[in-house]
Amino acid sequence: MIVGFIGLGTMGSNAARNVRRAGFEMIVHDIRPEAVERQLEPGVSAGSSPADVLARADVTVTMVFGPKEVEQVVRGADGFLSAHCKGKYWIDMTTSSPKLMRALAADFEAMGGHAIDAPVTGSVDAAIRGDMPMFVGGEDAAIEHVRPVIEAMGQLRKVGRYGNGYVAKLVNNQLWKVHAAAIGEAMVTAKLAGLDPLTWWNVMKGGAADSFVMSHDVPSIFAGHYDPSFPIALCLKDLSLIKELMDEVGTRNELTAATHARFREAGERYGSGAGEMTVCRVIEDDAGIDLRVAGDWVKPWEVTHGLAGTKSGS
């Protein structure tokens with residue numbers, strides 16, 4: 001199979017490299033020429049537009065910022081629907097609106113294509129290693145056809161019909177963001193009450209308070225960079241999509257709303273490009289303390305293998 005890849009940001013660029021490492025010939029496209037240039041090597045060529053990529057590839061992967069961008073890829077003047085879609089496979093990995101994406105997939109399939117949704121979880125280090133958990137929705141036959149491409153990028157986790165992957169991703173990120181905001185309050189409380197931050201972190205892991213955020217993201221607070229590989233802008237985009245979904249289904253959302261407000265506050269104070277865990281810096285700064293811990297903390301975007309969030313020599 002020839003694989004197209006559209007969207008070469010922090011996550012997409014690393015996912016695309018893993019597809020190439022798996023031996024697939026590729027056509028890549030991004031609105032930023034420099035992002036395309038960084039991918040070019042023998043076996044990888046540049047596509048001039050989404051339509052061009054779709055026309056030249058058997059399977060096309062998209063991983064763009066959000067709903068507006070993926071709709072442009074599909075319905076834009078040089079988007080998928082302006083090309084020949086019959087027999088083409090489209091894997092979308094964007095964090096997006098289930099309602100919109102089901103409509104886009106219906107348009108694509110009406111023209112003879114096959115749509116699979118496969119949003120990812122984990123962090124940039126998982127994208128680098130190629131072991132991102134992927135929430136995969138769609139027809140079984142379509143999923144099996146593209147399984148080698150998906151497994152080149154991560155772990156395939158089936159969630160049922162098309163669109164369920166977006167739902168799984170949004171509620172996954174809902175819990176992730178709530179945990180991130182809550183951890184800041186807990187860490188500052190513990191330090192002010194006399195518990196050393198590193199000791200606190202070590203004794204929390206493995207207990208009832210443990211989570212991916214606890215084990216993976218707390219070291220970015222210790223290091224003081226707050227993980228800029230996933231900026232506040234993306235957190236706010238995800239939280240807006242989560243609110244939209246919760247409003248659609250009509251469920252209570254007080255905890256999520258409070259988390260959304262805290263992330264907005266972090267964005268206002270530190271800028272939309274600040275790292276996701278600056279949501280905890282809000283509490284640090286208001287308390288007049290910091291949570292730095294000396295040590296050579298591994299940066300997620302520098303990982304090539306093994307686990308991020310570990311202290312060298314420990």
Side-chain angles (χ1 to χ4, degrees), residues 1 3-9 11-12 15-16 19 27-31 47-121 134-143 145-146 149-150 153 156-173 234 237-249:
M1 289 185 286
V3 179
F5 208 108
I6 298 171
L8 302 170
M11 298 290 281
V19 173
I27 303 105
V28 297
H29 177 72
D30 193 277
I31 59 174
S48 60
S49 68
D52 180 48
V53 173
L54 187 77
R56 295 164 57 192
D58 302 302
V59 179
T60 299
V61 181
T62 51
M63 195 175 193
V64 295
F65 184 82
K68 180 178 70 174
E69 290 77 14
V70 75
E71 184 171 20
Q72 183 65 24
V73 166
V74 178
R75 291 176 172 164
D78 57 357
F80 290 170
L81 300 184
S82 69
H84 181 72
C85 300
K86 188 170 183 179
K88 301 291 186 176
Y89 288 79
W90 168 34
I91 305 169
D92 183 59
M93 297 164 62
T94 306
T95 303
S96 191
S97 157
K99 183 177 180 180
L100 170 66
M101 297 310 297
R102 284 176 173 144
L104 295 181
D107 290 347
F108 185 73
E109 293 186 337
M111 295 184 65
H114 307 277
I116 299 99
D117 63 328
V120 306
T121 188
M134 302 171 69
F135 304 121
V136 181
E139 296 294 329
D140 283 345
I143 292 171
H145 184 82
V146 302
V149 178
I150 292 174
M153 298 181 283
L156 192 158
R157 298 183 179 183
K158 288 187 179 182
V159 292
R161 70 186 181 108
Y162 183 92
N164 283 4
Y166 302 111
V167 174
K169 175 60 183 290
L170 289 179
V171 296
N172 172 86
N173 282 19
L234 283 174
K237 182 265 295 186
D238 290 355
L239 284 159
S240 293
L241 288 168
I242 292 161
K243 181 182 186 304
E244 179 183 299
L245 179 62
M246 296 183 82
D247 287 345
E248 284 177 13
V249 300

Worksheet item: Heavy-atom distance under 4.5 Å between the side chains of F80 and V53, does that happen here?
Response: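 The answer is no, as the side chains (C-beta and beyond) never meet within the 4.5 Å cut-off.
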
Fill in: Side chain to side chain, M153 and M93, heavy atoms closer than 4.5 Å
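Side-chain contact under 4.5 Å: yes.
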
Worksheet item: Does anything in residues 54-63 pair up under salt bridge (Lys or Arg N to Asp or Glu O under 4.0 Å), and if so which pairs, sequence neighbours excluded?
Response: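 Of all non-adjacent pairs touching residues 54-63, those that pass salt bridge (Lys or Arg N to Asp or Glu O under 4.0 Å) are D52-R56.
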
Quick one: closest heavy-atom pair of [X] and [Y], and the distance?
X: L156; Y: I143; answer: CD1-CG2, 3.9 Å
X: A115; Y: Y162; answer: O-CD1, 3.5 Å
X: S96; Y: Y166; answer: O-CB, 3.9 Å
X: G163; Y: P98; answer: O-CB, 4.1 Å
X: A51; Y: S82; answer: CB-OG, 3.6 Å

Discussion item. Taking D238's backbone N and O only, do any of them form a donor-acceptor pair with N173's side chain (distance below 3.5 Å, no angle check)?
Written reply: no

Item to complete: Look only at the side chain of K237 and the backbone of T95, and say whether a donor-acceptor pair between them is shorter than 3.5 Å.
Response: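 Answer holds: yes.
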
Could you pull out all donor-acceptor pairs under 3.5 Å where a side-chain atom in residues 68-76 meets a protein atom, sequence neighbours excluded?
| from | atom 1 | to | atom 2 | distance (Å) |
| --- | --- | --- | --- | --- |
| E69 | OE1 | G66 | N | 3.1 |
| E71 | OE2 | R75 | NH1 | 2.8 |
| R75 | NE | D107 | OD2 | 3.1 |
| R75 | NH2 | D107 | OD2 | 2.9 |

Discussion item. Just to verify, what does Y89 make a ring-ring contact (aromatic ring centres under 6.0 Å, His included) with, not counting sequence neighbours?
Written reply: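 Listed in chain order: H114, H145.
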
